[in-house]
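Since the structure comes first, as structure tokens, the remarks are kept for the end.
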Amino acid sequence: MSESTGTRPSVVVLGGGYGGIYAAKGLDQVADVTLVDPSEAFHHNVASLRALVQPEWLERIFFPYSQLLRHGRFLRDRAVAVDGRRITLASGEQLEPDYLVLATGSSYPFPHKSDEPETATARAKFRANHDELRGAGHVLLIGAGPAGLELSGEIKAAFPEKRVTLVDVNPDILSGPYEQELRDELRRQLDKLGVELVLGSPIHALPEVPPGVAAPVSITTEAGDTITADIWFRCYGVSLQTGYLRGSLAQARDEHGYLRVDEFLRVDGAERVYAIGDISNADRNMAGWAGAQGQLVAANLAAEITGEGERKAYEPGPIAIILPLGPEGGAGQFPTGVVGPEQAAAIKGRDMLLDKFGELFDVPAAA
């Protein structure tokens with residue numbers, strides 16, 4: 001059972017993704033914080049695709065949770081049942097904190113997100129996929145959303161001689177609330193890179209070969225196109241991690257599986273329970289918005305705990321995205337308009353935002 005120590009209330013943060021690490025770090029000075037995650041390290045998955053084509057990045061994109069908190073603790077475990085603030089972990093340990101922050105996020109096909117809790121095993125899987133990719137002449141990517149577009153750019157930047165084919169059921173790339181100007185700019189760059197697009201028709205079935213394995217691959221679209229390749233990757237398929245919810249928390253999910261929250265990110269019908277990041281209906285599923293929500297919850301709870309400051313409501317972020325196509329390519333959209341490769345590279349493409357997370361975990365910047 002988790003209990004307060006002295007006058008410091010207890011806070012459990014379930015999930016150490018982009019929202020969870022900011023929430024836990026922001027409350028470390030004012031509360032007894034326990035961060036719970038089944039992995040031993042935070043995986044900066046924004047840089048995963050760069051690490052796939054440049055394995056030297058693997059030494060830079062995993063940050064041990066043991067380095068995040070100075071006062072609180074990291075508990076390597078996972079929730080199997082959460083009802084209100086009552087938490088049962090896989091180990092059998094039970095927690096009931098004064099405040100609970102749900103930040104368990106989502107899963108996504110490898111290599112966009114790692115599915116290995118051990119850092120050494122995760123790195124080994126990336127290296128194995130890199131070796132398979134390096135030996136393939138033709139790469140098939142299924143899904144022309146942000147993940148598929150970014151992976152095509154990374155592959156072409158690292159291996160310009162490779163043939164890359166991007167397939168999607170939608171009639172254009174990058175479905176969603178984006179300006180057509182952004183799609184047009186990305187398509188211009190993809191064409192220059194030599195990426196082939198097959199759009200507008202469903203495929204009959206996924207390849208029988210596992211993703212990331214070099215072997216003959218063949219798919220057929222309903223329009224009658226047959227594409228053969230030497231390796232393929234799945235670039236779509238988000239799965240929310242909320243299967244542990246019980247009782248009123250399970251009932252707080254909307255028709256899409258997201259937890260309904262109010263303007264302060266409190267879960268509907270739950271006392272002192274917050275939900276942030278991908279599992280919340282507060283905003284779109286993006287790492288930046290998850291981090292902003294984690295910071296907001298931490299600031300609001302700190303104000304409540306210390307009696308200093310006022311709570312602030314969360315305001316959904318504007319339509320914005322930066323989509324690198326390799327270290328020097330890509331494009332983005334902000335409220336001020338669409339930006340091209342120079343801005344995309346400067347904002348994200350060259351360093352993949354590594355420095356900010358190094359600072360959060362007190363890790364010196366890599367040379």
Side-chain angles (χ1 to χ4, degrees), residues 18 44-57 60-61 108 111-113 130 133-134 138-168 170-199 233 235-236 284-289 291 317-358 365-367:
Y18 288 98
H44 178 43
N45 59 64
V46 166
S48 283
L49 303 182
R50 181 68 48 81
L52 175 69
V53 301
Q54 298 183 32
E56 60 270 21
W57 277 65
R60 306 167 61 192
I61 65 172
Y108 201 88
H112 313 283
K113 287 189 177 182
H130 170 80
L133 172 62
R134 188 174 56 185
H138 184 188
V139 185
L140 170 65
L141 306 180
I142 301 179
L149 295 171
E150 188 169 334
L151 181 52
S152 69
E154 292 292 343
I155 292 171
K156 275 296 193 177
F159 308 107
E161 75 285 358
K162 292 190 186 301
R163 182 181 173 191
V164 176
T165 301
L166 194 56
V167 177
D168 198 285
N170 292 298
D172 205 348
I173 63 172
L174 196 64
S175 62
Y178 304 109
E179 298 288 344
Q180 187 59 38
E181 182 185 353
L182 174 61
R183 297 185 184 91
D184 292 344
E185 173 59 24
L186 290 168
R187 289 190 67 154
R188 182 191 68 79
Q189 294 183 46
L190 291 170
D191 183 64
K192 186 176 180 180
L193 291 170
V195 174
E196 301 169 36
L197 300 177
V198 179
L199 305 174
F233 292 96
C235 304
Y236 70 93
R284 294 178 303 283
N285 293 3
M286 299 182 76
W289 304 147
I319 303 299
I321 189 171
I322 285 287
L323 209 160
L325 295 178
E328 300 298 333
Q333 178 180 324
F334 294 104
T336 53
V338 171
V339 300
E342 296 83 4
Q343 296 95 325
I347 295 169
K348 181 180 178 183
R350 295 191 185 107
D351 67 3
M352 303 307 290
L353 310 179
L354 266 178
D355 287 351
K356 66 185 296 186
F357 294 99

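Reckoned from all heavy atoms, side chains included, excluding hydrogens, waters and symmetry mates.
- Note that CG of Leu151 and SG of Cys235 are 5.0 Å apart. Values are rounded to the nearest 0.5 Å.
- The CZ atom of Arg183 lies 13.0 Å from the CG atom of Leu190; values are rounded to the nearest 0.5 Å.
- Identified under the side chain to side chain donor-acceptor pair (under 3.5 Å) test for residues 155-164, with sequence neighbours left out: Arg163-Glu196.
- The nearest pair of heavy atoms linking Gly326 to Ala157 is CA-CB, 3.9 Å.
- Between Gln333 and Val339, every side-chain heavy-atom pair lies at or beyond the 4.5 Å cut-off.
- Listed by first and then second residue, the ring pair (Phe, Tyr, Trp, His ring centres under 6.0 Å) pairs that reach into residues 171-194 come to none, sequence neighbours excluded.
- Considering all non-hydrogen atoms of both residues, Ala331 and Ala344 come closest at N-CB, 3.7 Å.
- One finds the CD atom of Gln189 at 10.5 Å from the CG atom of Leu149 (value rounded to the nearest 0.5 Å).
- Side-chain contact between Asn45 and Tyr18 is present, with heavy atoms from C-beta onward closer than 4.5 Å.
- Of all non-hydrogen atoms in Ile61 and Ala51, the two that sit nearest each other are CD1-CB, 3.7 Å.
- Proximity of a side-chain donor or acceptor of His130 to a complementary backbone N or O of Pro55 within less than 3.5 Å is not detected.
- Rounding to the nearest 0.5 angstrom, the gap separating the CD1 atom in Ile142 from the OG1 atom in Thr165 is 11.0 Å.
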(request) Start with the C-alpha gap between Phe233 and Leu140, add the side-chain angles, then the distance that decides, and say whether side chain to side chain contact (heavy atoms under 4.5 Å, CB included) holds. (result) CA-CA 7 Å; Phe233 292 96; Leu140 170 65; over 6 Å; no

(request) Start with the C-alpha distance between Leu133 and Val139, add both sets of side-chain angles, then the distance that settles side chain to side chain contact (heavy atoms under 4.5 Å, CB included), and finish with yes or no. (result) CA-CA 8 Å; Leu133 172 62; Val139 185; 3.6 Å; yes

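- Without hydrogens or angle criteria, Asn170 side chain to Asp172 main chain gives no donor-acceptor distance under 3.5 Å.
- Partners of Arg350 according to the side chain to side chain donor-acceptor pair (under 3.5 Å) rule, which considers only residues two or more places apart in sequence or in another chain, are Glu328.
- Of all heavy-atom pairs spanning Pro111 and Leu52, the tightest one is CG-CD2, 3.7 Å.
- Distance check: Ile322 CD1 to Phe334 CZ gives 3.5 Å after rounding to the nearest 0.5 Å.
- Here the side chains of Leu174 and Pro146 are in contact, with some heavy-atom distance below 4.5 Å.
- Residues Met286 and Ile321 meet the side-chain proximity criterion, which asks for heavy atoms closer than 4.5 Å.
- Nearest heavy atoms, Leu141 versus Gly148: CD1-O, 3.6 Å.
- Applying the side-chain contact (heavy atoms from CB on, under 4.5 Å) criterion to Asp191, with sequence neighbours excluded, gives no partner residue.
- For residues 142-155, the set of pairs meeting the side chain to side chain donor-acceptor pair (under 3.5 Å) definition, not counting sequence neighbours, comprises Arg50-Glu154.
- Partners of Tyr108 under the ring-ring contact (aromatic ring centres under 6.0 Å, His included) rule, at least two apart in sequence or in another chain, are His112.
- Lys348 has its side chain within reach of Val46: a pair of non-hydrogen atoms, C-beta onward, lies under 4.5 Å apart.
- Here the CZ-CG distance, from Arg60 to Asp355, works out to 8.0 Å after rounding to the nearest 0.5 Å.
- Contact between Arg187 and Leu197 at its shortest, heavy atoms only, is NE-CD1, 3.7 Å.
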